[in-house]
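Everything below concerns the one structure shown next.
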Amino acid sequence: MVESCRSMPALKRKMLIFWLPLLACIIEGKQNDEFNEELFIKPFGSGHVMFHFQFTTKWNVSITDKTEYTHYRLFPKSLGEVLSTYGVQELHLSQTQGLWRYRHWGYPPEDAPPGAELWTWFQPKAERSDQATRDKLWSDYVNALSGLFCSSLNFMDSTATVSPRWTFRPQGLASEYYSMNWRNVMYSALPREVVCTENLTPWKKLLPCDSKVGLSTLFNAIKLHDSSYQSIGLHVRPICRDAACETSSVELKQTLTVVFDPTTGRMGRQSWSFTSMFGKPLRSQCPLATRSDVYVDITNKDIPDSKFTLRQEPTKVVPINRGGDRRTYAVFNVGDFLEEDGFLDLTAEYDQKATYRQGQEPSVYAHRFVTGFGLERGGITCQIYNNLDQNLTLIYMETIPWYFRVYFNSLRIRNKDTDIKPFKVHFVPGKDRLRPYQLEVVLRLRANSVTRINLAFDRAVLMWTEYHPDANHGFYVNAAVLTTVLPYGHSYTAVQQNASLFQESFNDTSNQFFLRVHTESLLISLPTPDFSMPYNTICLSCTIVAIAFGSIHNLTTRVFKTVDPKKSKGLKEKLKSFFSRKKKEETLTEEKRSDENETDSKSQKESCKSHEKQS
């Protein structure tokens, strides 16, 4: 007993020596990453309300060093393995259901086209210089993402993938030489992709707290999919770790934008709350989050047509000035409300029923549509509106499938009946079943005018196995992408590229606001055969084979014999003859047995007589 007590201090020293490095690693791990959750709410003049969730994870590792992708705490391991395996520098993925209305809602915090959109910057490597290696890398990469997010990204093959030259620049930390090498970026989109619960579930599992606590508990799939617009996004990029930018970190930003119409089924009343929009209030905060805030745009809360009041008193009211656009945000700290009331059911009550109010149009937006008639030739027209009082330089990009054969000489850019000569044009012709058509144009938009871009194409005739099951529905064309830099921040709600959180963009004194908007995706019909004809042909062929070939085969293989119809017996007579034959056989056997018995008796009598004579 005494020896065991003496050995305890030595054992404690050994355990302390073992646990101290582990404790230091844990403390270092806690300082190595950071997580913030934010919710931005903005009511629109049309009666709709936008809820934009943003979950930002900052991991202090270098995105180019694969050896650091070993110990994970807040950053999802499944995504980190994809980034390290395929050498990803930047990843931008969006899956959207619905169309954003720029004229009525302004600019979204994260712009995305209908369907799925993916563009990625890869780390430069010498072995990826040839096209075959890049295609193989992209194929394996999209298959990995498809399994990770339960989507159809594996259909982003070479027939739907391009490498833009000017439209998609790196949004994170990158050198000028790397940014100019367009061979490191690949872009693809699936406008037909439908967003459902299967895409939301794996996306929210990447959050540090999943959907069990925090702002993610408001994700009610039934409510989210019953909205006018829904978009989930995932963005990974390298950022500066400090002000000197001597080292880099990895930023993962997960966004969910949803637009509700509170007036639906409520007799025109546009009051809203967490309970009415999501089915429940907010009752928890993610313990791993450094910041958990809710921002409400209350700039227009005193306008007579859409006057509303917030039932809860905000933590603070912040005036916002972004490029001449003055707004007012009400900030709610989630932790303070949970300590006082135990829940937060943010509610906005309107004084009167909803009345449609047309807001001020945004600075730049576009409208795109199909022209022409018939099923042989057609055209695509895009009208770009510039409502500013100064000229703007804009990059316009089109990605058109190979079965819409575009004519480059049909490109026309006009403004008020005046032809405009673009600064740069990059056109890659498509190849049947190999690659799509790609067009990038750098042009100047005149002040307070509408610029029209026209393209003509021919419709190809596909093989009957290349049509979709609903061939008469039509074929989709990707949304066009417009990229520019605005001198003013009117209707601009996005976080600037040099910032990560909404709070960092409250007082933005810059005079340049990067803007990327998407047009509508197009639905175009192709010459479609009558798919009932193969069925009819198969039925007719089978009938001909059964009647013609079957009859000929019987005639050539049968043996014909003459039969007397009088001797022919029916089924009844055959049965009678069968049973009568059986009876006759039984009688014959009995007679045979009796005859045998008689012969035996006779032979016995004869033998007896012979014995008597001898005696």
Side-chain angles (χ1 to χ4, degrees), residues 33-40 52-61 63-64 74-76 78-84 86-96 100 107-113 115-123 141-142 144-145 148-149 151 153 156 164 167-174 179 184-189 195 199-200 202-208 215-216 230-241 248-258 481 483 492-505 513-518:
D33 48 12
E34 180 184 354
F35 175 69
N36 296 277
E37 54 180 7
E38 298 172 300
L39 171 59
F40 175 61
H52 177 74
F53 297 85
Q54 179 171 296
F55 305 92
T56 308
T57 304
K58 182 181 178 182
W59 192 18
N60 292 332
V61 299
I63 199 169
T64 58
L74 300 180
F75 199 91
S78 58
L79 182 62
E81 290 178 347
V82 173
L83 299 179
S84 61
Y86 299 100
V88 176
Q89 179 82 4
E90 286 193 19
L91 164 62
H92 301 274
L93 172 65
S94 66
Q95 300 176 80
T96 307
W100 184 269
Y107 296 124
E110 290 287 344
D111 193 76
E117 183 187 48
L118 173 65
W119 58 282
T120 304
W121 277 86
F122 293 96
Q123 298 171 12
Y141 172 65
V142 295
L145 291 180
L148 184 62
F149 295 102
S151 58
L153 302 180
M156 293 180 174
T167 302
F168 293 95
R169 293 297 187 189
Q171 293 189 348
L173 187 62
S179 302
N184 294 325
V185 61
M186 301 190 78
Y187 169 85
S188 184
V195 182
N199 307 123
L200 178 65
W203 175 86
K204 65 184 181 182
K205 285 185 178 180
L206 300 179
L207 297 172
L215 294 176
S216 58
Q230 177 199 352
S231 176
I232 56 178
L234 185 137
H235 308 275
V236 180
R237 63 170 184 169
I239 60 173
C240 295
R241 190 176 301 183
S248 64
S249 301
V250 179
E251 180 195 83
L252 168 62
K253 184 184 295 183
Q254 295 178 247
T255 60
L256 171 63
T257 307
V258 57
V481 185
T483 307
Y492 194 84
T493 58
V495 179
Q496 283 282 52
Q497 290 189 4
N498 57 357
S500 299
L501 307 177
F502 270 96
Q503 188 179 12
E504 299 174 358
S505 301
F513 298 89
F514 176 79
L515 177 67
R516 178 182 290 121
V517 296
H518 295 78

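Remark: side-chain polar atoms of W203 are paired, donor with acceptor, to backbone N or O of G233 under 3.5 angstrom. At distances below 3.5 Å, at least one donor-acceptor pair connects side-chain atoms of E90 with backbone N or O atoms of G172. With hydrogens and angles ignored, the 3.5 Å screen pairs a side-chain donor or acceptor of R169 with a backbone N or O of S179. A donor-acceptor pair under 3.5 Å is absent between the side-chain atoms of E110 and the main chain of H52, judged by distance alone.
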V195 and Q230: side-chain contact (heavy atoms from CB on, under 4.5 Å), yes or no, with the steps?
CA-CA 8 Å; V195 182; Q230 177 199 352; 4.2 Å; yes
If you apply the rule side-chain hydrogen bond (donor to acceptor under 3.5 Å, both in side chains), what do you find for E117 with Y187, and how did you get there?
CA-CA 8 Å; E117 183 187 48; Y187 169 85; 3.0 Å; yes
Verify side-chain contact (heavy atoms from CB on, under 4.5 Å) between S78 and L148, making sure each step is shown before the conclusion.
CA-CA 8 Å; S78 58; L148 184 62; 3.6 Å; yes
Start with the C-alpha gap between F514 and Q171, add the side-chain angles, then the distance that decides, and say whether side-chain contact (heavy atoms from CB on, under 4.5 Å) holds.
CA-CA 10 Å; F514 176 79; Q171 293 189 348; 4.1 Å; yes
With side-chain hydrogen bond (donor to acceptor under 3.5 Å, both in side chains) as the criterion, how do R241 and S249 come out once you've worked through the C-alpha distance, each side chain's angles and the decisive distance to 0.1 Å?
CA-CA 5 Å; R241 190 176 301 183; S249 301; 3.1 Å; yes
For salt bridge (Lys or Arg N to Asp or Glu O under 4.0 Å), just list the numbers for K58 and E34, CA-CA rounded to whole Å, side-chain angles, deciding distance to a tenth of an Å, and then say yes or no.
CA-CA 5 Å; K58 182 181 178 182; E34 180 184 354; 5.4 Å; no
Begin from the C-alpha positions of T255 and F40 and carry the test side-chain contact (heavy atoms from CB on, under 4.5 Å) through to its verdict.
CA-CA 11 Å; T255 60; F40 175 61; over 6 Å; no
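Here the CG-OG1 distance, from D111 to T96, works out to 8.5 Å after rounding to the nearest 0.5 Å. Remark: T120 OG1 to M186 CE distance equals 9.0 Å, nearest 0.5 Å. L206 CG to L252 CG: the interatomic distance, rounded to the nearest 0.5 Å, is 7.5 Å. Atom CG of residue D33 and atom CZ of residue F75 lie 10.0 Å apart, to the nearest 0.5 angstrom. Separation of atoms CZ (F513) and OG1 (T493) is listed at 12.0 Å; rounding is to 0.5 Å.
Shortest non-hydrogen contact noted between S151 and Q95 is CB-OE1, 3.5 Å. The two atoms that bring S500 and R237 nearest to each other are OG-NH2, 4.3 Å, heavy atoms only. Listed here is the closest heavy atom pair of S505 and V495: OG-CG1, 3.5 Å. In terms of heavy-atom proximity, Q254 sits nearest to L207 at OE1-CD2, 3.5 Å.
Under the rule for a side chain to side chain donor-acceptor pair (under 3.5 Å), S94 has no partner lying at least two apart in sequence or in another chain. Under the ring pair (Phe, Tyr, Trp, His ring centres under 6.0 Å) criterion, H235 pairs with H92, sequence neighbours left out.
Using cut-offs of 30° and 60° on the angle between ring planes, the pair F35 and F55 is parallel.
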